[in-house]
> 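Please find one structure pasted underneath; my questions will follow.
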Amino acid sequence: MLQIYCPYCQELREEEEFSPSGEAHIARPRDPESLSDEQWGDYLFFRKNPRGLHREMWHHSAGCRRYFNVERDTVSYVIARSYPIGEDPAGAMVEGHDHE
Amino acid sequence: MSESAEMGQRFAPVLESPLHYVRARHRNPAAAAVTLSERSACILLNLRGSPENEPFRESVRAVLHVELPEVGRSADSELASIYWLGPDEWLAVVDQATLAEPVAALRGAIQGHVSIVDVSSAQSLLAVQGAGVAELLQKASVYDFHPREFGPGRCAQTTFAKATALVRCVGEEHFELIVRRSFIDYVARWIVDACAESGCHISGT
Ligand SMILES: [Zn+2]
């Protein structure tokens with residue numbers, strides 16, 4: 001079992017409290033109607049699925065019920081860190097996520 | 001008698017405790033290591049707003065006489081208990097006898113981008129007390145409720161049996177569980193089963 005740090009509850013919790021929600025930092029296209037079917041299909045269905053470092057979303061479903069991001073190694077399962085939604089991997093806030 | 005009056009009589013609504021069907025068979029006050037009781041007649045409110053919204057914090061303080069607690073903590077006043085649920089979400093438990101219309105009072109006091117929702121009928125509050133409580137919590141949940149980490153004033157939402165609960169430490173060997181009402185019968189039966197060796201008493205009428 002993994003122990004996952006929830007950046008909102010600010011403690012390590014058992015994996016059983018969480019549900020995985022796939023790759024993080026997939027930006028919804030601002031103007032979907034201008035995309036080709038291929039571009040829209042890429043956005044909806046295609047994921048990187050890397051071997052090694054993976055940035056993914058988890059949902060603290062039995063806890064605070066918030067989504068957050070996790071950096072996990074898909075080979076060793078080691079979690080490097082967790083950080084809130086709205087933060088980019090470098091730790092800066094992403095445009096349009098100012099919580100207002 | 002008219003048809004509607006007859007229907008009214010036959011289906012006269014009765015407020016039934018969610019422990020109704022399990023309580024009568026588990027009365028054992030003398031030999032029980034765990035006592036389970038239900039706190040009725042309280043109003044549960046879901047409060048949402050930004051923790052940086054000072055007028056929001058101020059209004060809660062003015063109406064409920066208690067500060068919005070920090071991460072993983074609960075706070076009490078003579079009017080209400082407030083539990084931290086998320087970065088912008090709290091649960092307030094108000095005793096109906098001391099403050100009858102908390103929703104109206106809060107809505108009257110709070111301006112701006114907040115949400116106040118009465119969730120009383122969705123959730124119920126149970127108390128578990130006694131020498132067997134620590135063992136019961138270990139069986140029920142993946143969370144570590146050891147007093148070294150989880151003393152009075154702490155609260156956490158986590159798994160409980162195959163349901164979920166908001167658990168709060170009230171004092172030594174005394175915890176509160178806030179569980180969805182439709183899960184109460186299941187959770188109570190699960191607790192009785194988990195306490196089979198030590199004995200469980202369900203109090204109340
Ligand atoms: Zn959390």
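Convention: sequence-line order gives letters A, B, ...; per-chain numbering from 1.
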> Taking the side chain as every heavy atom from C-beta outward, state whether B:S74 and B:S81 have any atom pair closer than 4.5 Å.
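Counting from C-beta outward, B:S74 and B:S81 never come under 4.5 Å.
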> Does A:Y77 have A:R72 sitting over its ring (NZ/CZ under 6.0 Å from centre, angle to axis within 45°)?
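Here A:R72 passes the 6.0 Å and 45° test against A:Y77.
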> Could you tell me which portion of B:A156 (side chain, backbone, both or neither) has an atom closer than 4.5 angstrom to a non-hydrogen atom of chain A?
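Contact with chain A: backbone and side chain both.
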> Let me see the working for B:D76 and B:R168 under salt bridge (Lys or Arg N to Asp or Glu O under 4.0 Å), right down to the final yes or no.
CA-CA 12 Å; B:D76 295 278; B:R168 173 208 207 188; 2.5 Å; yes
> Against chain A, label B:E89 side chain, backbone, both or neither, depending on which of its atoms sit under 4.5 Å from a heavy atom there.
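Backbone plus side chain of B:E89, per the 4.5 Å heavy-atom cut-off to chain A.
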> Decide, yes or no, whether a salt bridge links B:E197 with B:K139 under the criterion of side-chain N to carboxylate O below 4.0 Å.
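Yes, charged N to carboxylate O under 4.0 Å.
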> Under 6.0 Å from the ring centre and within 45 degrees of the ring axis: does the NZ or CZ of A:R81 meet both conditions for the six-membered ring of A:Y83?
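A:R81 over A:Y83 ring: yes.
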> Looking at chain B, which one of A:E16, A:E14, A:H60, A:R13 has the largest number of heavy-atom pairs inside 4.5 Å, strictly under?
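It is A:R13.
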> For B:V71, is it the side chain, the backbone, both, or neither that has a heavy atom closer than 4.5 Å to a heavy atom of chain A?
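Only the side chain of B:V71 comes within 4.5 Å of chain A.
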> If you tally heavy-atom pairs under 4.5 Å against chain A, which of B:D144, B:T159, B:T158, B:L166 wins?
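When all of B:D144, B:T159, B:T158, B:L166 are compared, B:T158 has the most.
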